[in-house]
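Accompanying notes for the structure given below.
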2 protein chains.
Amino acid sequence: MYVSPPDEEIDSKKSVVDYKKSVSRRGVLAELYQSEVSTLAQLAKSLHSSVPSITNIVEELVNEKWVSTFGTAVGNHGRRPVLFGLSTQEKYVVALDISTHDTKVVIMNLQREVIFRKDIKLGLEDNPRFAKALLEFTRKALEESQVEASHFVAIGISMPGLIQFQSGTNMTYRRINQEEKPLSALISEEFNLPVFVINDTKATVLGEHRFGLARGKKHVLAINIDWGVGLGIILNGEIFQGASGFAGELGHIQMDPDGELCHCGKVGCLDTITSARSLIRRVQRGLNEGRVSKLSAYMDHIEDIDIETIIEAALEGDAFAIDILFDVGTVLGKGLSMAVHLFNPEIVIVDGIVVKADQFITNPIGQAINKYCLSDFRNDLSIEISQLGERAKWIGIHIYVMDQLLATI
Amino acid sequence: MYVSPPDEEIDSKKSVVDYKKSVSRRGVLAELYQSEVSTLAQLAKSLHSSVPSITNIVEELVNEKWVSTFGTAVGNHGRRPVLFGLSTQEKYVVALDISTHDTKVVIMNLQREVIFRKDIKLGLEDNPRFAKALLEFTRKALEESQVEASHFVAIGISMPGLIQFQSGTNMTYRRINQEEKPLSALISEEFNLPVFVINDTKATVLGEHRFGLARGKKHVLAINIDWGVGLGIILNGEIFQGASGFAGELGHIQMDPDGELCHCGKVGCLDTITSARSLIRRVQRGLNEGRVSKLSAYMDHIEDIDIETIIEAALEGDAFAIDILFDVGTVLGKGLSMAVHLFNPEIVIVDGIVVKADQFITNPIGQAINKYCLSDFRNDLSIEISQLGERAKWIGIHIYVMDQLLATI
DNA sequence: AATAATTTGTTAATATTTTTATAAAACAAG
DNA sequence: CTTGTTTTATAAAAATATTAACAAATTATT
């Protein structure tokens, strides 16, 4: 198994000079990561260092294949500066995007470009068989990609659930682990690479923040509506994890004391009203109670109704579907307004399956926020729909992996 | 008026050397602030610098009267090191602690020792007269303290309300400002000193975090129950303000859709159930409805019942008072459990008037958190009662002022 | 009580980094 | 097309910081 060396040991053994160099190296890599390409002068300025020093460090990073040149910039007055950026050929990150429907293996270069992708109908299940299948599938995919094993630098995994970020253990899916060994350790041993696990919603908000709609914002909330409801949080420009990595659990806040029993054991959780799962159940119940709707066509095979069908109906003007989406959006907005009062964000991003419903879901959310939030909180707040799509999550995994990896370089 | 120089200008004009020196100076001051006293070797280690460099910087700071020696340490094996710490004689911070009941002027030295204090029965009111009275009172207090004006380095103000932290404007008490000039600017002009304003609950949590119960913890929530309910938040070891400084507004989350009208215009806010104000109202209503209680003695002058009376009754075993406190604690705990789900903190500190009720308020809070929180969130969470008392807030003001001030040094 | 071991504080030597100077490259303007 | 301006890249000089060395101060040990 890959073991990253303990931080303190290094710190105390390293000389002051080595420490400062390491900080500069990380600074250069982080800067290049965010800006795609940059010049020596720009790097020197933003890292508060002199050009010769930066030249040295960049040279070293080029030798280690982390950095390459990308031609020269044009348009300035004077001599054209050489552009440096993270290598696109030498080092690759593997992302395992796991959801309850399927699993994707995505290989990206350091510039986050997807160079290989393989999907499988392997949905997340809470048993050791899943881990085994995942391992098998990943191995096959990496082989198929024909990338030399030595070129992989790390593996990142995103999945739903409460993930203890220090150990990478998923507390919601505990039975995946075999003999107390967390999934991350299993995969790390198999491929002899560092493995980092992040909650899927947190990965998404990371992507949206660094390379999407929320770019440059300091405080961002991203709500993800899927089989459950998740909240990804960026505070002070960084992903917020909380003490154990569980921060942002909006789905199990009680919205209705007389509501349904939730699978978590509590009553009336937001999840019981607004998750895709509950939405379908509510539609089915409504139809059985005789509501008039285009969806009545499904009366004979009511279990075939899925979220896409409902949204389609709403987009075609079906009053029943619109009503249901409105109700869901309202409750979601009420829950979000609590988060807005507590986090005071600049932007809220809506993501997940329901984004296809567009206005039919953002309108009630916006209205509920107006109703339940104090005006001072609403004034500088915008509500937007995600535009990066599935790429947001992959980019987020990549960012998370690189953040963790750079801390050890 | 005191104008702090714009950061960017300085940054761009300063040479790399000057910038690095400034960072080191700030580092030394911050380190000494937190550790009371320290040695050159310790400073060098924690700032990743060499001893000769640190010796230089400390010497400079001693010349500028920021730092003094504090004798030598004892107990080590070798030669006794000289101890350095922030001066206790040369520079002073003024704290204005404003509440709805009264106002206190507190003068502290750099080590946060109170060297002068003056109280006045001036409660916060939303009109320009308050600003005038505050100014007058402060001027008088500073005179009385006999501290030479040149020894003051900054003024910190704590008060309830939504405070826009960039400008120092209190959005909840807007009419305090005269001619669009925020209170902070008014005071800054008068005394020609930088002025920093912070919400009272945020000040308290800062104090508890750096020098109280939550010392060393990374993620802390502090709930303050007073005329309203406020939540102070420490995330990643730093005070969390949100985009505008409004973060932590727990009091206006809707807890009861059929509840009372709140002064904010919304219905059933947490504030309408759990603030000291509401607690008294509920007791009065209960008594009028004929509840049996020790407090019935107040039937003739029911408006004299205050929060202390109710708590005393509970401590003496009065069932009615205990019931009311239990109800309040339960709702509070339910509200807190939302915050716990979103922030995933390590510790929750209860503060404010109700702390005297001790178990009678912490028990229902704890029970409600157990009921409404997922177990993973409760496992590593402790709930404690504040022990620093009023000093927490003053210390918090001091910390905030020094943090802001150091950024400009 | 004397010696060994530890730690600090200062000085000197070494190493590193920044600054300055200069040449090269690109573009604009006369 | 040449000259002047602007910016980059590198080399040399200057400044600064780190390391190493050593003396001083203290505690533990023989």
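Throughout, a chain's letter reflects where its sequence line sits, starting with A, and its residues are numbered from 1. Here the structure is a predicted model, which is why all the values come from computation and not from measurement.
When the C1' atom of dT19(D) is taken as reference, atom CG of D18(A) falls 12 Å away, rounded to whole Å. To the nearest angstrom, P of dT26(D) lies 12 Å from CG of N76(B). One atom, CD of E59(B), and another, P of dT10(C), lie 8 Å apart when rounded to the nearest Å. Between L43(A) atom CG and dA9(D) atom P the separation is 11 Å, expressed in whole Å. Atom C1' of nucleotide dA15(C) and atom NZ of K21(A) are separated by 12 Å, given to the nearest angstrom. One can place CG of L47(B) at 14 Å from P of dA17(D), the figure rounded to the nearest angstrom. If you take CG of N56(A) and P of dT17(C), they are 7 Å apart, rounded to a whole angstrom. For the pair E60(B) CD and dT16(D) P, the interatomic distance rounds to 12 Å; values are reported in whole Å.
Of the side-chain N and O atoms in R80(B), one or more sit less than 4.0 angstrom from OP1 or OP2 of dT27(D). The phosphate of dT10(D) has neither OP1 nor OP2 within less than 4.0 Å of any side-chain N or O from T55(A). Side-chain nitrogen and oxygen atoms of S15(B) include at least one within less than 4.0 Å of the OP1 or OP2 phosphate oxygen of dT19(C).
Where V17(A) and A41(A) meet DNA chain D, the nucleotide closest to each residue was compared, and A41(A) sits on the side nearer the 5' end.
In summary, the side chains of S386(A) and E208(A) do present a donor paired with an acceptor at a separation below 3.5 Å, with no hydrogens or angles considered.
For the pair S87(B) (side chain) and K65(B) (backbone), a donor-acceptor distance under 3.5 Å is present.
Between H151(B) and Y92(B), the ring-plane angle classifies as parallel under the 30° and 60° cut-offs. Aromatic ring pairs are classed by plane angle as parallel below 30°, tilted from 30° to 60° and perpendicular above 60°; the pair F240(B) and H219(A) is perpendicular.
At a threshold of 4.0 angstrom between heavy atoms, the contacts of K20(B) are confined to the sugar-phosphate backbone, with no base atom among them. Residue-level contact check: V74(A) touches neither bases nor backbone, having no heavy atom under 4.0 Å from any strand. Within 4.0 Å of T39(A), counting heavy atoms only, lies no atom of the nucleic acid at all.
Among the nucleotides dT10(D), dT18(D), dA28(D), the one closest to the side chain of H77(B) is dA28(D). Residue P52(A) places its side chain closer to dT19(C) than to any other of dT19(C), dA28(C), dT18(D). Considering only the side chain of P81(B), dT8(C) comes nearest among dT18(D), dT8(C), dT19(C). For L40(B), counting side-chain heavy atoms from C-beta on, the closest listed nucleotide (dT19(C), dT18(D), dG9(C)) is dG9(C).
The distance from the CD atom of E31(B) to the CD atom of E36(B) is 12.0 Å, given to the nearest 0.5 Å.
Side-chain atoms of R79(A) come within donor-acceptor range of the base of dT8(D), with a qualifying N/O pair under 3.5 Å.
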